[in-house]
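To keep things clear, I will list the structure first and then write my remarks on it.
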Amino acid sequence: MNEYRNLIGGRLAPAADGRTLDSVNPATGEVWARIPASGKADADAAVAAAREAFPMWSGMPALGRARFLRQVAEVFTRHAEELARLETTDNGRILRDTLKKDLPGMTYLWQIAAGQVLDAVKGDTVILGPDSLGLTRREPYGVALCIIPWNSPISTFSAKAAYALAAGNTVIVKPAEQASASVLRLGELLAEVFPPGVLNIVSGLGEDVGDPLVRHRGVNKVSLTGSTQTGQAITRASADALKPLTFELGGKSPNIVFADADLDAAARGVTVDSVFTGNAGQVCVAGSRILIQRPVWDEMIGRITAIASHVTLGDPLDMATTMGPIVSAGQYERVTSYLEIAEKEGAGLVFGGRTGAEVVPSLPGGYWVAPTLFTASDNSLRICQEEIFGPVAVAIPFDTDDEALAISNDSSYGLAAGVWTRDLARAHRFVRDLQSGTVWVNTFRQMPPGLPFGGIKDSGYGHDAVLEYTREKAAIIQT
Ligand code: NAD
């Protein structure tokens, strides 16, 4: 049994009251690790440590901070295999993705953050008159709280902590209770890198430790990647203190295939690159609504079915596996409940719908859901409106551009959208008119550093980047 501890003030420690939570391997259903079930006392200790370290960290020349961030990049390179295996065991995201994509990407991300430390201290100068100079200073907020979900803990940890630290904030990370092991192990490794209190990590339930952290007057900035409901709860909990918030929340993204598209590319783009992924569609940007123009409806349904039939579910640590399990019993119940909802709503089942041991008989305790496609002609169905967060998509036919836009934008979410077409004018129109934070044209799920990634509507606001973790102060100097 692996045992993990919090990182508070440079020390690794269990929860103050010794409570733990079990971490379940979703491919087997077995408990494989224990993590601290932290509470208010741990939240208070983490805030005190982060506040104590703040003057030193924020007062350090920016290039000094960059040296630490480059050391983190090296930790990711040295421990890539170990961290990838831990994360895969903990949340079921396949090793092919954690090892080959996520970990190399983290080395790159921390190097980029190290290269951006100067952006966080650049301001403007304005000549207001012969004897009057205006200038702006960018300053860190203070203690930044980064609350992360379970689907890609190391990536989300990095996307927030690297930029918050680069900007001069001290940081508290609250990983998700379903999958904290990789981030807590990272805490052990990074305790050797950062001065005490600069980076703190506390695991536990959202209501037990996340909420006290959000409410704590010593926390100056909150960034959440998680569900819309949690974003709303955090908004309410932080309202009295008027805390600045960054929210990357849920989605119900449309992936629109026009008849003139490269159908080979589109078929991959709406399936294995989108919703039938290595972590079983538990991806915020999953294109879970596949809009298909009527002339290519049969052709596309055939291609999607063929690709889905080659998805290999099984042990996520096996490099031959292309789709892993659902992360937890709770999430499994949620995903499977939508299979029943779809049936009751009268959606047509094209393929899938199978769950549990029937899908992966060799691992009967795992939380398995086969790639599933429904059809619907009415976008108001619950399976068209609500985020399922699993390998379940719904195909919706359309005739005209206007209709495709209307269906796409008929959603409370606005995280991402895909458009597959060879018509350049149409591509520009959809980039302009789709209500979403990102629009991909003839590609899907690319999130290169350097471009903002965030949502609109119920998908949140703001995005993790170095300037998001700074505030501006103005000065007018009269001589
Ligand atoms: P969640 O909102 O339940 O949990 C996310 C984090 O918030 C966890 O660490 C949890 O403990 C914490 N939390 C919960 N309640 C809290 C509270 N009251 N105060 C403080 N912290 C609290 O989401 P989840 O189930 O872990 O993740 C799935 C959701 O995340 C989906 O909706 C998905 O779309 C979204 N997500 C979004 C992105 C993105 O970048 N937009 C990326 C990944 C996941």
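Excluded from the calculations below are hydrogen atoms, water molecules and symmetry mates; all remaining heavy atoms, backbone and side chain alike, are included. Whatever order the structure lists them in is the order used to number ligands and atoms, beginning at 1. Since we're looking at a predicted model, the values are computed, not measured.
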ask   = Counting distance only, does the side-chain N/O of Trp57 pair as donor-acceptor with the main-chain N or O of Leu165 below 3.5 Å?
value = yes
query = Does Ser152 have a heavy atom less than 4.0 Å from any atom of ligand 1?
reply = no
remark   = If you scan protein heavy atoms around atom 31 (C) of ligand 1, the nearest is Glu387 OE1, 3.4 Å
message = Looking at Lys160 and Asp464, is there a salt bridge between them, counting it only when a charged N and a carboxylate O are closer than 4.0 Å?
response = yes
query = Do Glu177 and ligand 1 have an N or O pair less than 3.5 Å apart?
reply = yes
query = What protein heavy atom is closest to atom 39 (C) of ligand 1, reported as residue, atom name and distance in Å?
reply = Cys284 SG, 3.1 Å
message = Return the closest protein heavy atom for atom 20 (C) of ligand 1 as residue, atom name and distance.
response = Gly210 C, 3.4 Å
key: atom 25 (O) of ligand 1 [closest protein heavy-atom partner, distance rounded to 0.1 Å]   = Trp150 NE1, 3.0 Å
ask   = Are Trp32 and Asp90 close enough that a side-chain donor and a side-chain acceptor fall under 3.5 Å?
value = yes
ask   = Mind checking whether Leu205 has an N or O less than 3.5 Å away from an N or O of ligand 1?
value = no
query = Are a donor atom and an acceptor atom from the side chains of Thr336 and Thr355 found within less than 3.5 Å of each other?
reply = no
ask   = For atom 15 (N) of ligand 1, which of Ile234, Thr230, Asp458, Asn151 has the closest heavy atom?
value = Thr230
ask   = Counting N and O atoms only, with roles assigned by atom type, does the side chain of Thr88 sit under 3.5 Å from a partner on the main chain of Arg93, one being a donor and the other an acceptor?
value = yes
message = I need the atoms of ligand 1 closer than 4.0 Å to a non-hydrogen atom of Pro149, numbered in the order shown.
response = 26 (O), 27 (O), 43 (C), 44 (C)
task = Decide whether Asn169 and Ser58 meet the rule of one side-chain donor and one side-chain acceptor closer than 3.5 Å.
result = no
task = Mark up the atoms of ligand 1 that fall under 4.0 Å of a heavy atom belonging to Thr225, in ascending order.
result = 5 (C), 36 (N), 37 (C), 38 (C), 39 (C), 40 (O), 42 (C), 43 (C), 44 (C)
key: Enumerated ligand 1 atoms positioned under 4.0 Å from heavy atoms of Ile147   = 6 (C), 7 (O), 9 (O), 12 (C), 20 (C), 21 (N)
task = Could you tell me whether the side chains of Asn151 and Asn279 share a donor-acceptor contact shorter than 3.5 Å?
result = no
key: Part of Gln229 with heavy atoms under 4.0 Å of ligand 1, whether side chain, backbone, both or neither   = neither
Ser412 and Lys252 side chains, donor-acceptor separation under 3.5 Å = no
query = What is the closest protein heavy atom to atom 35 (C) of ligand 1, and at what distance does it sit?
reply = Gly226 O, 3.1 Å
ask   = Does one side chain, of Ser38 or Asn6, offer a donor that lies under 3.5 Å from an acceptor on the other?
value = yes
task = Quick one: look up the protein heavy atom nearest atom 18 (N) of ligand 1 and list residue, atom name and how far away it is.
result = Ala233 CB, 4.1 Å
task = Could you tell me whether Gln282 approaches ligand 1 through its side chain, its backbone, both or neither, with non-hydrogen atoms closer than 4.0 Å?
result = neither
query = Do Lys174 and Glu177 sit within salt-bridge range, that is, some charged N less than 4.0 Å from a carboxylate O?
reply = yes
task = Report yes if Glu207 has an N/O atom closer than 3.5 Å to an N/O atom of ligand 1; otherwise report no.
result = no
note = The closest protein heavy-atom partner of atom 28 (C) of ligand 1 is Phe389 CE2, 3.6 Å
inquiry  = For the residue pair Ser223 / Tyr469, report whether a side-chain donor-acceptor contact shorter than 3.5 Å exists.
reply    = yes
task = For ligand 1, find out whether one of its N or O atoms is nearer than 3.5 Å to an N or O atom of Phe453.
result = no
query = For ligand 1, which atoms sit closer than 4.0 Å to a heavy atom of Ile148?
reply = 6 (C), 8 (C), 9 (O)
message = Under 3.5 Å between any N/O of Glu248 and any N/O of ligand 1: does that happen in this structure?
response = yes
key: Gln178 and Ser328 side chains, donor-acceptor separation under 3.5 Å   = no
message = Within the 4.0 Å heavy-atom shell around Leu249, which atoms of ligand 1 are there?
response = 34 (O), 37 (C), 38 (C), 39 (C), 41 (N)
task = Return the residue, atom name and 0.1 Å-rounded distance of the protein heavy atom closest to atom 17 (C) of ligand 1.
result = Gly206 O, 3.9 Å
query = If you measure from each non-hydrogen atom of Leu224 to ligand 1, which part falls under 4.0 Å: side chain, backbone, both or neither?
reply = side chain
request  = With heavy atoms of Leu415 as the reference, note each atom of ligand 1 found under 4.0 Å away.
outcome  = 41 (N)
message = Any carboxylate oxygen within less than 4.0 angstrom of a Lys/Arg side-chain nitrogen, looking at Glu188 and Arg5?
response = no
remark   = Quick note on ligand 1: atoms under 4.0 Å from a heavy atom of Ala176 include exactly 8 (C), 9 (O)
query = Relative to the ring of Phe389, is the ring of Trp150 parallel (under 30°), tilted (30 to 60°) or perpendicular (over 60°)?
reply = perpendicular
inquiry  = Within the 4.5 Å heavy-atom criterion, are Cys146 and Phe157 side-chain neighbours or not?
reply    = no
task = Using distance alone, with no hydrogens and no angle criterion, decide if Trp110 and Ser158 have a side-chain donor and acceptor under 3.5 Å apart.
result = yes
N or O pair under 3.5 Å between Ser227 and ligand 1 = yes
key: For Asp211, atoms of ligand 1 separated by under 4.0 Å from a heavy atom   = 19 (N), 20 (C)
